[in-house]
Amino acid sequence: MKEQLQALVLDAIDALRAAGTLPAGDTPAFVIERTKNRAHGDFATNAALLLARQAARKPRELATALVDSLPAAMLVERVEIAGPGFINFFLARAAYVDEVRRVHAEGARWGHGTTGAGRTAGVEFVSANPTGPLHVGHGRAAAIGDSIARVLAANGWHVVREFYYNDAGAQITNLALSVQARARGIEPEAPTWPADGYRGDYIKDVARAFLDREAIYSEGERVLASGDVDDLDAIRRFAVAWLRREQDQDLKAFGVRFDVHFLESSLYDQGKVEETVHQLTARGHTYEEGGALWLRSTAFGDDKDRVMRKSDGSYTYFVPDVAYHLSKWQRGYERAITELGSDHHGSLARVRAGLQALDCGIPEGWPEYVLHQMVTVMRGGEEVKLSKRAGSYFTLRDLIDEAGRDATRWFLTARKSDSQLTFDIDLARAQSNDNPVYYVQYAHARVASVMRQLAERGMAHDQTHGLAHLDRLDSQAELDVMVELSRFPEVVEAAGANLEPHLVTIWLRDLAAAFHGWYNTNQFIVDDAELRDARLALAGAVRQALANGLELLGVSAPESM
RNA sequence: GCGCCUGUAGCUCAGCUGGAUAGAGUACUGCCCUCCGAAGGCAGGGGUCGCAGGUUCGAAUCCUGCCAGGCGCGCCA
């Protein structure tokens, strides 16, 4: 709809330029937008306001000229000029009816766009170190990242979901030492406990499994515990495999899958880290100081230079990070989205600087970052502390177990990622109207229920008949539903363009509200077959639309509840 | 001290990248089931958009300066 109106306005502008009312020149980026107020029609444009200066005429005057040059269109019933010079479009009901037919014709693909044109977008998210269970912050990352991936796919991108494991750094050594200590029966309070050891109870479980010589199957590989407490390398491999398996299970329970599990260690194994350092040095962007090798990242927008190779010969974490992102580029990711906790935002400038210094054609804003703020969990009116060290560790799994997958995913995506989020467990698990997830799911189940009721009364729904008589839907409530329905393609596009999946949750709520309002004022199953089939056709379109929206969030669309 | 993010109804949050009278949910008040699911609907009250300037036809939105909160600022990841 929006595109059609846009085309009409552009035609009108061309006509005015041809007539000399407007001088030749660039057309400013005017907006076609939904109006807030029904009295202002369905859509409005500010084109006349923006073009007024260029034309050296008053905005309202120019608006009149624009309206006069507007080509006729079935879509538009009437046009008004309002306020300082807005052009308001009142759409014909037929425009909305057409959209209902489109929903039925396109089904699960309805609302999807083509801006991605099959190009590849890599979405990296979660990327938790395999040193502990996933916590609630990882849950937010998983929910947001996966929804972004879904939304991009719905916009025609070929999406690759990617999880990066930091399995090569000092933290992994810490993990291995911690497990080793536990295997030897050492408690975190003991003087011989490793300095930065992981104190959580899960370390005990890993140690026990190692001593019991368990085998772990993960990513098609089998890791067998040797049970040899002195073999730190064996402990490391086992512990990493054990924790990866845990994380994989949690993510699976959350409905999140990855296409690529990328190991940091593989960058070392394949010499990619060395190669990156070599390239940066060859291009003259490095220097030695104090026994360390530095990257002159300040030349590429960073606020200080960064050490790449420490004086002990090992690399800082950001070098493999650059090598990793380079590999994404080399694998043809036209867009790369990296979803991170905002506490990592310091690494953005550094990684981008490193990529620019490689001088291999990577655009300046690549990769794109989506940062999410902290999650605080409330239960019984009190904050649930997430202390890793103390071992009293509230995990993603705990949250899913308590609140359910659907509510957890909904709540974690329903907010803009850059605002802090308060997760109220009592609300999320409430089976009541306090809970927005149920409100939307209930609307979906209600349609399904009506269809069941129809069958119980020995009737059948003739969809073709209904779609042919949608003109019978002449109530305000029905128009409200159709208007909400028609917004979905715009929501999908905006959510994809801005990487903001929370827009989908807002729209779902609006559509559900319009539907519930309609349901309460109109009986669907009526004797008049024409009217009945028409109403059921619209109800069916609502069900499909809700399902399509929920799918973008990874939330289920139940037939009954 | 410097950088990033946030500040909108009692509470939780939207506000479509500058538009018209700032919106939802929740809580509160009053209504609506002999009727397809009341996990629903309708109506009402509730606001100095943190504060102060600026930019222009027009600012919650952009700029500057303050105030408050969060997160960063390692040869840690």
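In what follows, every chain begins at residue 1, and chains take the letters A, B, ... in the order their sequences are listed. Computed from heavy atoms alone, side chains included, the values below leave out hydrogens, waters and symmetry copies.
The aromatic rings of A:F515 and A:W518 stand perpendicular to each other, their planes meeting at an angle above 60°, with 30° marking the opposite boundary.
Considering all non-hydrogen atoms of both residues, A:H285 and A:A357 come closest at CD2-O, 3.1 Å. Closest non-hydrogen pair, A:T131 versus A:Q171, comes out as CG2-O, 3.8 Å.
Classified by its glycosidic torsion, B:U61 falls in the anti category, the angle being over 90° from 0. Glycosidic torsion of B:C33 falls within 90° of 0, placing the base in syn.
Take the nearest nucleotide of RNA chain B for A:H344 and for A:L49: the residue whose nucleotide is more 5' is A:L49. Nearer to the 5' terminus of RNA chain B, by closest-nucleotide assignment, is the contact made by A:K416 (compared with the other of A:V450 and A:K416).
Side-chain to base pairing of A:D343 with B:G72: no donor and acceptor N or O lie closer than 3.5 Å to each other. A donor N or O paired with an acceptor N or O is not found under 3.5 Å between the base of B:A39 and the side-chain atoms of A:Y442. Not a single donor-acceptor pair, N or O on each side, falls under 3.5 Å between the base of B:C36 and the side chain of A:S449. For B:A14, its base never sits under 3.5 Å from the side chain of A:D510 at any donor and acceptor pair.
OP1 or OP2 of B:A14 sits under 4.0 Å from a side-chain N or O of A:S419. Between A:K36 and the phosphate of B:A20, there is a side-chain N or O to OP1/OP2 separation shorter than 4.0 Å. In this structure, A:R446 reaches the B:A38 phosphate: one of its side-chain N or O atoms is under 4.0 Å from OP1 or OP2.
Per the geometry, CG belonging to A:D418 stands 16 Å off P belonging to B:C71, to the nearest Å. Atom P of nucleotide B:C16 and atom CE of A:M1 are separated by 21 Å, given to the nearest angstrom. The separation between A:F43 atom CZ and B:C16 atom P is 16 Å, rounded to whole Å. Between the C1' atom of B:G15 and the CD atom of A:E33 lies a distance of 11 Å, rounded to the nearest Å. Across the protein-nucleic acid pair, A:R306 atom CZ and B:C76 atom P stand 13 Å apart, rounded to whole Å. For A:R509 and B:G23, the CZ to P distance is 17 Å, given to the nearest whole Å. To the nearest angstrom, C1' of B:C36 lies 14 Å from CG of A:L531. Following rounding to the nearest Å, A:F423 (CZ) and B:C11 (C1') show an atom-to-atom distance of 17 Å.
Side chains of A:E162 and A:Y324: a donor-acceptor N/O pair is present below 3.5 angstrom, by distance only. Under the 3.5 Å distance criterion, with hydrogens and angles disregarded, a donor-acceptor pair is assigned to the side chains of A:R34 and A:S486. There is no side-chain donor-acceptor pair under 3.5 Å between A:H372 and A:D418.
In a base pair of the Watson-Crick type (N1 to N3 plus N6-O4 or O6-N4) or a G-U wobble (N1-O2 and O6-N3), with each distance short of 3.5 Å, B:C36 is matched with no nucleotide. Pairing for B:A24 goes to B:U12, judged as Watson-Crick or G-U wobble with the two contacts each under 3.5 Å. Using N1 to N3 plus N6-O4 or O6-N4 for Watson-Crick, or N1-O2 and O6-N3 for G-U wobble, each under 3.5 Å, B:G7 pairs with B:C67. The base-pairing partner of B:U61, taking Watson-Crick or G-U wobble contacts with both distances under 3.5 Å, does not exist among the strands shown. The base-pairing partner of B:U29, taking Watson-Crick or G-U wobble contacts with both distances under 3.5 Å, is B:A43. With a cut-off of 3.5 Å on both pairing distances, the Watson-Crick or G-U wobble partner of B:C73 is B:G1.
Within 4.0 Å (heavy atoms only), A:P84 reaches at least one base atom of the nucleic acid. As judged by a 4.0 angstrom heavy-atom cut-off over every strand, A:H502 is placed among residues touching the sugar-phosphate backbone only. Within 4.0 Å of A:A82, counting heavy atoms only, lies at least one base atom of the nucleic acid. Using a 4.0 Å heavy-atom distance criterion, A:N166 is classed as a sugar-phosphate-only contact. Heavy atoms of A:K304 sit under 4.0 angstrom from primed sugar atoms or phosphate atoms, though from no base atom. Counting non-hydrogen atoms under 4.0 angstrom, A:T521 reaches nothing in the nucleic acid. At the heavy-atom level, A:G290 lies under 4.0 Å from base atoms of the strands shown. Using a 4.0 Å heavy-atom cutoff across all strands shown, A:N522 reaches at least one base atom of the nucleic acid. No contact: A:M308 has no heavy atom under 4.0 Å from any strand. Counting any heavy atom pair closer than 4.0 Å across all strands shown, A:A44 reaches a base atom. Using a 4.0 Å heavy-atom distance criterion, A:N174 is classed as making no nucleic acid contact. Base contact: A:N37 has a heavy atom under 4.0 Å from a base atom. At the heavy-atom level, A:S311 lies under 4.0 Å from base atoms of the strands shown. Nucleic acid contact for A:Q420: base, since at least one base atom lies under 4.0 Å from a heavy atom of the residue.
Of the candidate nucleotides B:A20, B:C75, B:G40, B:C75 has the atom lying nearest to any side-chain atom of A:K310. You'll find that the side chain of A:N520 is closest to B:G40, out of B:A14, B:G40, B:G37. Listed nucleotides: B:C75, B:G19, B:G70. Nearest to the side chain of A:M374: B:G70. Checking B:A39, B:C75, B:C13 against the side-chain heavy atoms of A:T316 singles out B:C75 as nearest.
A gap of 16 Å separates the C1' atoms of B:U12 and B:G46, to the nearest Å. Spacing of P atoms, B:G23 relative to B:A60, comes out at 13 Å, to the nearest Å. Using atom P as the reference point in both B:G15 and B:U8, the two lie 14 Å apart (nearest Å). Only the C1' atoms considered, B:A14 is 7 Å distant from B:A24, to the nearest whole Å. Taking the C1' atom of each, B:C57 and B:G18 are spaced 12 Å apart, rounded to whole Å. Taking atom P on both B:G50 and B:A22, the two are 15 Å apart, rounded to the nearest angstrom. As rounded to the nearest Å, B:C4 and B:C11 have C1' atoms that lie 28 Å from one another. Taking atom C1' on both B:G53 and B:A9, the two are 27 Å apart, rounded to the nearest angstrom.
For the pair A:R350 and A:D321, the salt-bridge criterion is not met [side-chain N within less than 4.0 Å of a carboxylate O]. For A:R244 and A:D167, the salt-bridge test fails: no basic side-chain N is under 4.0 Å from an acidic carboxylate O.
Remark: ring of A:Y519 not stacked against base of B:G41; the cut-offs of centroid gap under 5.5 Å and plane tilt under 30° are not jointly satisfied. Stacking is not found between A:H345 and the pyrimidine-like six-membered ring of the B:G72 base under the 5.5 Å centre-distance and 30° plane-angle cut-offs.
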Ring pair (Phe, Tyr, Trp, His ring centres under 6.0 Å) between A:Y369 and A:H345: does it pass, once the steps are laid out?
-> CA-CA 9 Å; A:Y369 283 94; A:H345 81 258; over 10 Å; no
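The cationic atom of A:R535 (NZ for Lys, CZ for Arg) does not lie both less than 6.0 Å from the six-membered ring centre of A:F524 and within 45° of the ring axis.
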